[in-house]
**Q** 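Below are the structure tokens for one structure; questions will follow.
Note that the coordinates shown come from a computational prediction; the quantities given were computed from them, not determined experimentally.
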Amino acid sequence: MTRYLPGAFASRELLRLGARVVRLEQPDGDPMRGVSQAWDEALNAGKESVAIDLKTELPFARALLARADVILEGFRPGVAERLGVGPDDVRETAVYCSITGFGTEGPHAARAGHDLNYLGWAGVLEDTAPSLPPLQPADLAAGALGAVTEILAALLERTGTGRGARLTISMTHGSHRLVSHRLGGDPLPRFLTGGLACYRIYATADARHLTVGALEPKFFVRLCELIERPELAAAQFDPDGQDTLAAELGAVFEARPLAEWLQLFDGEDVCVGPVATRAEGAAVFGAAASMPSAAVGQHTDAWRAELDSH
């Protein structure tokens, strides 16, 4: 019972791990279908779709929930309870997980938001604002993967106790945990967010980019040797020389195209790589192309028949 990215990504991961996933959609479908059919297919292929109006078909909804080991919902706090599909409306052995923006208590609990808002509230964007992150870590990491972790732990505990669990995932609290290790300070300002010349992205001659992550001195020394600027290694952690060092490295890297740099560094321990396109990344690291997602309500009649037979 979720919409958009967090629940879809979480249940896709559970599907990948072997779960049978039934998607309860409003009669006109998850709004993500209208935002991007490609996203919907990538995140929801292999799931069953039941079209249901929770306000008018409560018995059907509860019969479905009674069959579930895990219920995943993404309503604002209190809405599922008002609809009659809250944690007290399911079996005690079920794991009921709510993905929320800010949790169910406190001054922010009822606040509307999306990934960018949660990251902003959590302090994640402090170093890089006003630039936007290239993915949605509050939705996908703090929310979706946070939910998967908690759900799997609850299922494991259930094998010993026989009891389910009532879980609440806060995407904002989870996002803050991703940066909370930095509250005591960085070794150097913005240590891994642009403050170090040895940990940056550099343009190449063909308008492509290299990722340089040569944090350990042995990697950076070898990198400087390979680009024929061994003297630069001494300034790796100079607190006052990072911009100068970055300018020197930038001038070197922009003199040759990406392919030549990758060939030079191939087989060397220097922690350098390309900024690949998504298509290039998929060609090497991606999974097989997904099937289309089920049509809205494609499995509704089958589920009604199965529940009626019991």
**Q** Determine whether V221 and L226 fall in the same hydrophobic cluster, where Ile, Leu, Val, Met, Phe, Trp and Tyr are linked whenever their side-chain heavy atoms lie under 4.5 Å apart.
**A**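 No, no single cluster joins them.
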**Q** With E228, which residues qualify under side chain to side chain donor-acceptor pair (under 3.5 Å), at least two apart?
**A**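 Side chain to side chain donor-acceptor pair (under 3.5 Å) list for E228, sorted by chain: empty.
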**Q** Are more than 12 heavy atoms from other residues, nucleotides or ligands located less than 6.0 Å from atom CD of E157?
**A**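 Atom CD in E157 is not crowded, with 12 or fewer foreign heavy atoms closer than 6.0 Å.
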**Q** Checking T168 side chain against G103 main chain: does a donor-acceptor pair fall under 3.5 Å?
**A**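 Absent.
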**Q** At what distance, to the nearest 0.5 angstrom, does CG of L196 lie from CD of Q236?
**A**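 Rounded to the nearest 0.5 Å, the CG-CD separation comes to 7.5 Å.
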**Q** My understanding is that only one of L249, I201, L223 makes a side-chain contact (heavy atoms from CB on, under 4.5 Å) with V212; could you say which?
**A**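 Output: one option passes, namely L223.
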**Q** Measuring from R23:CZ to T2:OG1, what's the distance to the nearest 0.5 Å?
**A**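 Reported value, rounded in 0.5 Å steps: 8.0 Å.
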**Q** Examine distances only and state if a side-chain atom of S49 and a backbone atom of G297 form a donor-acceptor pair shorter than 3.5 Å.
**A**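 It does hold such a pair.
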**Q** Are D115 and L135 close enough that some pair of their side-chain heavy atoms sits under 4.5 Å apart?
**A**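 Of all side-chain heavy-atom pairs linking L135 with D115, none is under 4.5 Å.
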**Q** Does some side-chain heavy atom of Y118 sit less than 4.5 Å from a side-chain heavy atom of V124?
**A**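 Not in contact.
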**Q** List in chain and number order the residues that pass salt bridge (Lys or Arg N to Asp or Glu O under 4.0 Å) with E48, two or more places apart in sequence or in another chain; answer none if no residue qualifies.
**A**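 Once residues adjacent in sequence are excluded, the partners of E48 under the salt bridge (Lys or Arg N to Asp or Glu O under 4.0 Å) criterion are R20.
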**Q** Would you confirm whether D30, through its side chain, and E25, through its main-chain N or O, come within 3.5 Å as a donor-acceptor pair?
**A**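 Answer holds: no.
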**Q** Run the side chain to side chain donor-acceptor pair (under 3.5 Å) test against T204 and tell me which residues pass, sequence neighbours left out.
**A**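 By the side chain to side chain donor-acceptor pair (under 3.5 Å) rule, T204 matches D206.
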**Q** Going from CD on E41 to OG on S36, what distance comes out if it is rounded to the nearest 0.5 angstrom?
**A**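 If I round to the nearest 0.5 Å, the distance is 8.5 Å.
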**Q** Take R304 and E306, measure what salt bridge (Lys or Arg N to Asp or Glu O under 4.0 Å) needs, and give me the verdict at the end.
**A** CA-CA 6 Å; R304 288 188 188 277; E306 182 171 338; over 6 Å; no
**Q** Give the intermediate values and the outcome of side chain to side chain contact (heavy atoms under 4.5 Å, CB included) for residues N44 and M32.
**A** CA-CA 10 Å; N44 291 305; M32 187 162 63; 3.6 Å; yes
**Q** For atom CD of Q37, decide whether the heavy atoms of other residues, nucleotides or ligands shown that lie under 6.0 angstrom number more than 12.
**A**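 Check passes, neighbour count above 12.
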**Q** Check the angle between the aromatic planes of F102 and W121 and answer parallel, tilted or perpendicular using the 30° and 60° thresholds.
**A**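 Plane angle over 60°, so perpendicular.
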**Q** Can you tell whether the side chains of D127 and R182 come within less than 4.0 Å, N to carboxylate O?
**A**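 So D127 pairs with R182 through a salt bridge.
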**Q** If only atom types and distance count, is the side chain of R67 paired as donor or acceptor with the main-chain N or O of L307 below 3.5 Å?
**A**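 Pair absent, no side-chain N/O of R67 close to backbone of L307.
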**Q** Which pair of heavy atoms, one from C224 and one from A233, lies closest together, and at what distance?
**A**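 That would be SG-N, 3.7 Å.
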**Q** Would you say the side-chain atoms of E254 pair up with the backbone N or O of A203, donor to acceptor, closer than 3.5 Å?
**A**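 Not at all, since once roles are kept as given, no pair shorter than 3.5 Å links the two residues.
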**Q** According to a hydrophobic-cluster definition based on side-chain heavy atoms being under 4.5 Å apart (Ile, Leu, Val, Met, Phe, Trp, Tyr only), do Y96 and L58 belong together?
**A**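 Looking at the clustering, L58 is in the same group as Y96.
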**Q** So which heavy atom on L145 is nearest to which on F9, and how close?
**A**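 Shortest heavy-atom separation between L145 and F9 comes out as CD2-CE2, 3.8 Å.
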**Q** Is it possible for you to say whether F60 and L65 belong to one hydrophobic cluster, with membership spreading through side-chain heavy-atom contacts below 4.5 Å?
**A**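 Cluster IDs for F60 and L65 match.
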**Q** Start with the C-alpha distance between D69 and V95, add both sets of side-chain angles, then the distance that settles side chain to side chain contact (heavy atoms under 4.5 Å, CB included), and finish with yes or no.
**A** CA-CA 6 Å; D69 290 292; V95 174; over 6 Å; no
**Q** For the pair R208 (side chain) and L258 (backbone), establish whether a donor and an acceptor sit closer than 3.5 Å, ignoring hydrogens and angles.
**A**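 Between the backbone of L258 and the side chain of R208 there is no qualifying donor-acceptor contact (under 3.5 Å).
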**Q** Taking the side chain as every heavy atom from C-beta outward, state whether T128 and P133 have any pair of such atoms under 4.5 Å apart.
**A**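 No, too far: nothing below the 4.5 Å cut-off.
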**Q** Looking at CZ of F219 and SG of C271, how far apart are the two atoms once the value is rounded to the nearest 0.5 Å?
**A**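 Here the interatomic distance stands at 4.0 Å.
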**Q** Counting only heavy atoms not in E105, do more than 12 fall under 6.0 Å of its CD?
**A**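 Open.
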**Q** Could you grab the distance from atom CG of D238 to atom CG of D243, nearest 0.5 Å is fine?
**A**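 Atom-to-atom, D238:CG and D243:CG are 11.0 Å apart.
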**Q** Might you confirm whether atom CZ of R91 has over 12 heavy atoms from other residues, nucleotides or ligands at distances under 6.0 Å?
**A**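 Counting neighbours around CZ of R91, more than 12 heavy atoms of other residues, nucleotides or ligands fall under 6.0 Å, so yes.
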**Q** Do the side chains of I99 and D139 get nearer than 4.5 Å, heavy atoms only?
**A**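 D139 does not reach I99 side chain to side chain.
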**Q** Could you measure the distance from the CG atom of L232 to the OG1 atom of T244? Nearest 0.5 Å is fine.
**A**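 Taking CG in L232 and OG1 in T244, the distance rounds to 10.5 Å.
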**Q** Between S293 and R33, what is the shortest heavy-atom contact and its length?
**A**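 S293 and R33 have their closest heavy atoms at OG-NH1, 4.0 Å.
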**Q** Hey, can you pull the donor-acceptor pairs under 3.5 Å for the side chains in residues 73-83, sequence neighbours left out?
**A**
| from | atom 1 | to | atom 2 | distance (Å) |
| --- | --- | --- | --- | --- |
| E73 | OE1 | F75 | N | 2.7 |
| E73 | OE2 | S98 | OG | 2.5 |
| R76 | NH1 | A110 | O | 3.0 |

**Q** Passes side chain to side chain contact (heavy atoms under 4.5 Å, CB included), M1 versus V85? Steps please.
**A** CA-CA 10 Å; M1 298 186 291; V85 291; 3.9 Å; yes
**Q** Report the residues that fulfil side chain to side chain donor-acceptor pair (under 3.5 Å) with D28, sequence neighbours left out, ordered by chain and then residue number.
**A**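 Side chain to side chain donor-acceptor pair (under 3.5 Å) check on D28 returns Q26.
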**Q** Output all residues satisfying side chain to side chain donor-acceptor pair (under 3.5 Å) with E260, sequence neighbours left out; order by chain, then residue number.
**A**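 In terms of side chain to side chain donor-acceptor pair (under 3.5 Å), with neighbours along the sequence ignored, E260 is linked to R256.
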**Q** Return the minimal non-hydrogen interatomic distance between A144 and L140, and the atom names on each side.
**A**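 Here A144 and L140 meet closest at CB-O, 3.3 Å.
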**Q** Salt bridge check, R278 against E280: does any charged N sit closer than 4.0 Å to a carboxylate O?
**A**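 Result for this pair is no, no salt bridge flagged.
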**Q** Could you state whether F265 and V275 fall into the same hydrophobic cluster, counting links through intermediate Ile, Leu, Val, Met, Phe, Trp or Tyr residues with side-chain heavy atoms under 4.5 angstrom apart?
**A**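 Looking at the clustering, V275 is in a separate group from F265.
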**Q** Shortest non-hydrogen contact from A51 to V296?
**A**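 The answer is CB-CG1, 4.2 Å.
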**Q** Short question: side chain of R158, backbone of T93 - any donor-acceptor pair under 3.5 Å?
**A**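 Checked: pair present.
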**Q** Do R229 and V252 have side-chain heavy atoms sitting under 4.5 Å apart?
**A**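 Result yes, sub-4.5 Å side-chain heavy-atom pair found.
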**Q** At their closest point, which heavy atom of A8 faces which heavy atom of S11, and how far apart are they?
**A**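 Looking at all heavy atoms of both residues, the shortest contact is O-OG, 3.3 Å.
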**Q** Would you say OH of Y199 has more than 12 non-hydrogen atoms from neighbouring residues, nucleotides or ligands within 6.0 angstrom?
**A**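 No, OH of Y199 has 12 or fewer neighbouring heavy atoms, counting only those of other groups under 6.0 Å.
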**Q** Would you call K218 and D269 a salt bridge, taking side-chain N to carboxylate O under 4.0 Å as the test?
**A**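 Salt bridge flag = no for D269 with K218.
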**Q** Using the rule that two of Ile, Leu, Val, Met, Phe, Trp, Tyr join whenever any of their side-chain heavy atoms come within less than 4.5 Å, decide whether V179 and L192 are in one cluster.
**A**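 In one cluster with V179: L192, no.
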**Q** Would E13 and R16 count as a side chain to side chain contact (heavy atoms under 4.5 Å, CB included) here? Give the steps.
**A** CA-CA 5 Å; E13 290 301 286; R16 183 176 64 83; 2.8 Å; yes
